[in-house]
Amino acid sequence: RCPVSRPGVGAGGWVHASASCPGPRRALTRRRDGRCLGRGPGPGASVPHARIGRALRCAQPASRALMSKTFHRELYRQLIEAVYRRWNDEKVNDVPRLMDKYKGQEDDIYDKIVRKYVFCHGKKHWLPLIEIMYKRFNPSKLEELGRLLEKYLDSEAALYRALCDKYIHTLTADDVPLQADAWATVSKKKDKKKKAKADAWATVSKKKDKKKKAKADAWATV
């Protein structure tokens, strides 16, 4: 007898199979006189809720993992573009090809790029990278930053790599975006200085033009 069969259930004699029915699970079981005659999907069969739940539970983590990889890949792309935009603007257009070539190794290629273009320069150029990480993820460490830099003297790039490995993968798409361009503020200050200088020259030029015009008017009057 089928352990789940119950005589008299349903006019057509169709009942849902359960885990207690021997053999592979099927959607419906044909029952006649209390005997389990076989298992098969049959017309109008439905998938048990437990099975759907298992499928969803399996699919959701995989989907979340894929979304997480895509998000972190995009974040590294922004970080790489920021470095190239500041230090080698001609390379910005090569970033998509670079990301495809080193897919799954974005953290390694970013580490190589910052060592090549940033940490080879003075402290004022690479310090913003480290400060951004501590401000975002561990602000209390900013008070100890001087001591940490002494500890990692001549190994600042290794310190930054450790910070990236520790914190970047904790970010999700729902979080506030990480500041990718560490030199955006510096660039804005430089642009302001250039503008102020240009405005100063423009003012001087206007004064000179006025003097020339006044002198020309005076000679015309004479």
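Of the charged side-chain nitrogens involved, at least one lies within less than 4.0 Å of a carboxylate oxygen, so that D165 and R161 count as a salt-bridged pair.
When atom types are taken as modelled, the side chain of E156 and the backbone of D154 share a donor-acceptor pair closer than 3.5 angstrom. Panel note: side chain R73, backbone M99; a donor-acceptor pair is recorded below 3.5 Å.
With rounding to the nearest 0.5 angstrom, the CG atom of N93 is 12.5 Å from the CG atom of L98. Atoms CG and CG, from L153 and L159 in turn, are 11.5 Å apart once rounded to the nearest 0.5 Å. Separating the CD1 atom in I132 from the CG atom in L178 is a distance of 7.0 Å, to the nearest 0.5 Å. Note that the NZ atom of K91 and the CD atom of E81 stand 14.0 Å from one another [nearest 0.5 Å]. Atoms CG and CG, on L79 and L129 in that order, are 8.5 Å from each other to the nearest 0.5 Å. Between M133 atom CE and I168 atom CD1 the span is 4.5 Å, to the nearest 0.5 Å.
At a cut-off of 3.5 Å, with distance as the only test, a side-chain donor of Y160 or Y110 sits close to an acceptor on the other residue. In this structure, a donor-acceptor pair under 3.5 Å is absent between the side chains of Y102 and D108.
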Which is it for Y167 and L171 under the side-chain contact (heavy atoms from CB on, under 4.5 Å) test, yes or no, and what are the steps along the way? CA-CA 7 Å; Y167 293 119; L171 288 171; over 6 Å; no
Assess the residue pair R136 and D175 against the criterion (salt bridge (charged side-chain N to carboxylate O under 4.0 Å, His left out)); give the C-alpha distance rounded to whole Å, side-chain angles, the decisive distance to 0.1 Å, and a yes or no. CA-CA 11 Å; R136 175 62 188 272; D175 294 328; 5.0 Å; no
Derivation and outcome, salt bridge (charged side-chain N to carboxylate O under 4.0 Å, His left out), residues E150 and R147: CA-CA 5 Å; E150 287 181 6; R147 183 182 61 80; over 6 Å; no
I80 vs V114, side-chain contact (heavy atoms from CB on, under 4.5 Å): CA-CA, chis, key distance, verdict: CA-CA 8 Å; I80 291 170; V114 291; over 6 Å; no
Apply side-chain hydrogen bond (donor to acceptor under 3.5 Å, both in side chains) to residues Y76 and D107 and explain how you reach the verdict. CA-CA 7 Å; Y76 274 113; D107 50 353; 5.0 Å; no
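In plain terms, the two heavy atoms of A82 and A180 that are nearest each other are CB-O, 3.5 Å. Closest of all the heavy-atom pairs between H125 and W183 is O-NE1, 2.8 Å. What you find for F71 and T172 is that their closest heavy atoms are CZ-O, 3.4 Å. In terms of heavy-atom proximity, P128 sits nearest to A182 at CB-O, 3.7 Å.
Ring planes of H169 and H72: perpendicular class, angle over 60° (limits at 30 and 60°). Using cut-offs of 30° and 60° for the angle between ring planes, the W87 and H121 rings count as parallel.
A 4.5 Å side-chain heavy-atom check between I113 and Y84 finds at least one atom pair inside the cut-off. The closest side-chain heavy-atom distance from I130 to L149 is below 4.5 Å.
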